[in-house]
Amino acid sequence: MAVVEVPKPSEASNTKTSQPNTITLRIARSNPSAEQELSFSEFQIPVQKWTTVLEAILYVKQNFDHSLAVRYSCRQASCGSCGMKINGRPALACYTKISELNSNVITVEPMNNFPIIRDLAVDFKQLISNHKKMKPFIIREDSEVTPESKEFVQTPQDLEKFLQFSYCIKCGLCNSACPTMATDESFIGPQGLAQAYRYVADNRDKGKDDRLKIVDDSHGIWRCHFAGSCSHVCPKGVDPAMAIQLLRGYLLGFRK
Amino acid sequence: MAERLSNREGIKGMANPTRYGIERVAYWLQRLSGLGLLAYLIGHIYETSTIVNGKIAWDKMLEFTQTTQGHIFLTLVIGMCVFHTANGIRVMLGHGGIGVGKPGQPEYPYKAASLNYKQRLCIWVSIALAALAMMYGASVLLGD
């Protein structure tokens, strides 16, 4: 059973003194469809040590400017909606505590490498389309749901080969951090490539050759130079850089 | 306009080595040293091609290149060459899936297995080898 301890009074008071009560939240504002150029709005926000960046943004919406555009949903790093650039690095706003940023000024901007819809909301069309291109489903002729066929047995070892890559929440942080995505708008991106590996590594799947053909493209897997930035920012431990290198191993003949 | 709408970071973002750890620095150094070596190769071909214009032209070119500045440039080329080779071997092996770790159940706080200590060690060794080679090169070229 998990035990939650109440902090001792001296510890609690120490934490309180080291954390400022008010921070400056700088929010990038723009509206490309109305040809509104990028500018920053600044707000003074009261914070506690557990306040997240998303909570600070919602405080602005509630108290200062309800026209601020931000996408969010679950508030617990499960839906992947609130990805944005926080103090220069892509991160989930709901998963980033203000206290861990060690700064009294927090700057939030829309994620790079995604078209801006308005303010902090970006367009995920390309990410979703590249994800679909990877055929993110099990490909095989028979099915385990038909009564005459047997259940597809998988050992824990088989499961471990792809499980971590199936934790992708499609938040787009990896695509935002990728140096190739910064310059090549046709690149599939680490999200799509990692998902291709997720299905290639699944021993129930028979679509390996199809997927390898899709990623073996001039804007495909060869554009990844293993900078590892995607894995640095992934909030779910998916490690797209590893998935891409393992997938490339099939094309280079290192893996069968 | 198109870049503003797509919100791509462009070359400025690609070439920014900060924010994402030593792996991104290695990526940046690999690109930079690659471009440097390409520039050297073009310059080297131009330099040696002057020999076909006779001894006077060749001696003139040597006067231009066999200088302190020229030797400093050559020292840099040695460093770029060693780093590009050593880090290139790391990247090539990584591209085949070697040394990037094994998939497994991710545990909070989610340290990426592909960005493991072996990779980081190889990057630092590549930098150290390049520095050593540059020191040796500088002592030979600028020693007298």
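Just so it is clear: chains get the letters A, B, ... in the order the sequence lines come, proteins before strands, and each one is counted from 1.
Within residues 63-75 of chain B, no residue has any heavy atom closer than 4.5 Å to a heavy atom of chain A. Chain A is approached within less than 4.5 Å, heavy atom to heavy atom, by B:Arg90, B:Val91, B:Gly94, B:His95, B:Gly96, B:Gly97, B:Ile98, B:Val100, B:Gly101, B:Lys102, B:Pro103, B:Gly104, B:Gln105 from residues 89-105 of chain B, ordered by number. When the heavy atoms of residues 34-59 of chain B are compared with those of chain A, none of the residues falls under 4.5 Å.
Between the side chain of A:His232 and the backbone N or O of B:Tyr20 there is at least one donor-acceptor pair closer than 3.5 Å. Side chain of A:Thr96 to backbone of A:Ala93: no donor-acceptor contact under 3.5 angstrom is found. Formation of a donor-acceptor pair under 3.5 Å by the A:Gln245 side chain with backbone atoms of A:Ala241 is found in this model.
Annotation: side chain to side chain contact (heavy atoms under 4.5 Å, CB included) contacts of B:Thr18 (sequence neighbours excluded): B:Asn16.
Residues B:Pro106 and A:Asp239 fail the side-chain proximity criterion, which asks for heavy atoms closer than 4.5 Å.
Contact tally against chain B (heavy-atom pairs below 4.5 Å) for A:Ala177, A:Pro110, A:Cys178: the top residue is A:Ala177.
Remark: A:Arg198 engages A:Asp202 in a salt bridge, criterion side-chain N to carboxylate O under 4.0 Å.
Taking the centre and axis of the six-membered ring of A:Phe124, the NZ or CZ atom of A:Arg71 falls inside the cone set by 45° and 6.0 Å.
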Could you check A:Ser176 against A:Asn113 for side chain to side chain donor-acceptor pair (under 3.5 Å), going step by step and ending with a plain yes or no?
-> CA-CA 5 Å; A:Ser176 179; A:Asn113 310 332; 5.0 Å; no
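A donor-acceptor contact closer than 3.5 angstrom links the side chains of A:Gln154 and A:Asn203. With no hydrogens or angles considered, a side-chain donor-acceptor pair links B:Arg31 and A:His225 at under 3.5 Å.
With a 4.5 Å cut-off on non-hydrogen atoms, A:Met111 touches chain B through its backbone but not through its side chain.
In this pair, A:Tyr197 and A:Phe165 present their aromatic rings perpendicular. The plane angle is above 60°, beyond the 30 to 60° band.
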